[in-house]
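Inspection log for the structure reproduced underneath, given as C-alpha cells.
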Amino acid sequence: MSSEKEMLMVQKATVYDLMRIIKENPDKTYTVEELEQLLHAYIQGVET
C-alpha cells in the first residue's frame with residue numbers, strides 16, 4: 001500500500017473518530033474553543 005493511500009486512511013479514521021466523539025452527546029452545542037480543545041485532546045491522545 002502506498003503511503004498516500006495510508007495517509008488518506010488515517011485522515012478518514014480521524015474524522016470518523018471525531019464524529020463519534022461529537023455524536024456521543026447529540027444535544028450539546030460546541031463553541032469554537034470547545035472544538036479546539038477536543039481536537040487538541042484527540043491529537044495528544046494519538047501521539048502517546
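Residues: numbered from 1 along the sequence shown.
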Please list, chain by chain and in numerical order, all residues satisfying side chain to side chain contact (heavy atoms under 4.5 Å, CB included) with Ile22, sequence neighbours excluded.
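Checked Ile22 against side chain to side chain contact (heavy atoms under 4.5 Å, CB included); matches are Tyr30, Leu35, Leu38.
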
Among Met9, Glu4, Gln11, which one satisfies side chain to side chain contact (heavy atoms under 4.5 Å, CB included) with Met7?
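Testing each of Met9, Glu4, Gln11 against Met7, the sole residue satisfying side chain to side chain contact (heavy atoms under 4.5 Å, CB included) is Gln11.
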
Is there any salt bridge (Lys or Arg N to Asp or Glu O under 4.0 Å) pair reaching into residues 26-36, and which pairs are they, with sequence neighbours excluded?
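For residues 26-36, and leaving out neighbouring residues, the salt bridge (Lys or Arg N to Asp or Glu O under 4.0 Å) pairs sorted by first residue read Lys28-Glu34.
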
Tell me the side chain to side chain donor-acceptor pair (under 3.5 Å) pairs involving residues 12-24, sequence neighbours left out?
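Found Asp17-Tyr42.
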
